[in-house]
Amino acid sequence: MIFVENPINYKHMIEIRIHGRGGQGGVTLAKILATAHHLEGQSVQAFGIYAAERSGAPLLAFLRYDDQPIHNPNQIYEPDHIVVLDPTLISTGITSGLKPGGLILLNSDRSPESFSTEEQFSAFRIATVDATAIAVENILGTKSVPIVNTALAGATARLLGMDLQAVLN
């Protein structure tokens with residue numbers, strides 16, 4: 001796993017789009033991160049869009065947080081950052097609307113450098129964590145359906161300077 005050296009700190013609303021599959025915990029990931037920000041006094045929104053609402057179906061989850069009240073009920077089309085829970089979803093479509101310089105956190109056993117040479121990722125910062133291996137090793141879900149959101153919550157928090165400790169209490 002490779003992280004950027006310093007966490008990112010912003011003074012405006014942050015929007016994160018999460019790409020996953022049903023059963024991996026994408027919506028729960030958005031809610032965990034939202035809870036951390038809510039406990040720090042920020043306004044938050046966390047919600048998911050389900051397609052077939054079945055295990056394994058692609059889904060999107062969204063997270064917004066800001067120091068100011070949030071009045072936007074829409075999906076996130078131009079995220080600041082993207083988290084991808086399932087390596088099979090890594091494609092050209094996931095970067096759609098991502099702001100220049102945005103961070104993409106991928107659940108992958110590949111290095112960030114191996115993605116940065118691909119044209120679709122060249123304008124963005126890439127971080128990877130093998131959340132699948134972490135989930136299997138820690139018996140989170142099953143070997144065939146590992147629950148990867150916990151590892152990705154930790155990686156996202158580290159990359160974006162979030163404190164998840166209060167969520168655990």
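Just so you know, these numbers come straight off a predicted model, no measurement behind them.
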Can you name the residues that form a ring pair (Phe, Tyr, Trp, His ring centres under 6.0 Å) with Phe124, not counting sequence neighbours? none

Which pairs with one or both residues in residues 142-155 pass side-chain hydrogen bond (donor to acceptor under 3.5 Å, both in side chains), sequence neighbours excluded? Thr142-Ser144

Quick test of your reading: applying salt bridge (charged side-chain N to carboxylate O under 4.0 Å, His left out), list the pairs with at least one residue in residues 83-95, sequence neighbours left out, ordered by first then second residue. Arg21-Asp86

Applying ring pair (Phe, Tyr, Trp, His ring centres under 6.0 Å) as the test, list every pair that has at least one member in residues 125-148; sequence neighbours left out. none

So, using side-chain contact (heavy atoms from CB on, under 4.5 Å) as the criterion, who are the partners of Thr35 when residues are at least two apart? Leu39, Val167

Just to verify, what does Ser108 make a side chain to side chain donor-acceptor pair (under 3.5 Å) with, not counting sequence neighbours? none

Just jot down the salt bridge (Lys or Arg N to Asp or Glu O under 4.0 Å) partners of Arg17, sequence neighbours excluded, or say none. none

Check the surroundings of atom CD in Glu78: do more than 12 heavy atoms from other residues, nucleotides or ligands lie under 6.0 Å from it? no

Partner residues of Glu40 under the side-chain contact (heavy atoms from CB on, under 4.5 Å) criterion, sequence neighbours left out: His37, Gln42, Asp163

List in chain and number order the residues that pass side chain to side chain donor-acceptor pair (under 3.5 Å) with Asn72, two or more places apart in sequence or in another chain; answer none if no residue qualifies. Asn74

Would you mind listing every ring pair (Phe, Tyr, Trp, His ring centres under 6.0 Å) that reaches into residues 83-112, with sequence neighbours excluded? none

Within-4.5 Å side-chain heavy-atom neighbours: Ile94 and Leu106: yes

Apply the hydrophobic cluster definition, ILVMFWY joined by side-chain contacts under 4.5 Å directly or through others, and give me every member besides Ile147. Leu140

Which other residues belong to the hydrophobic cluster containing Tyr77, where Ile, Leu, Val, Met, Phe, Trp and Tyr are joined when side-chain heavy atoms lie under 4.5 Å apart, directly or via other members? none

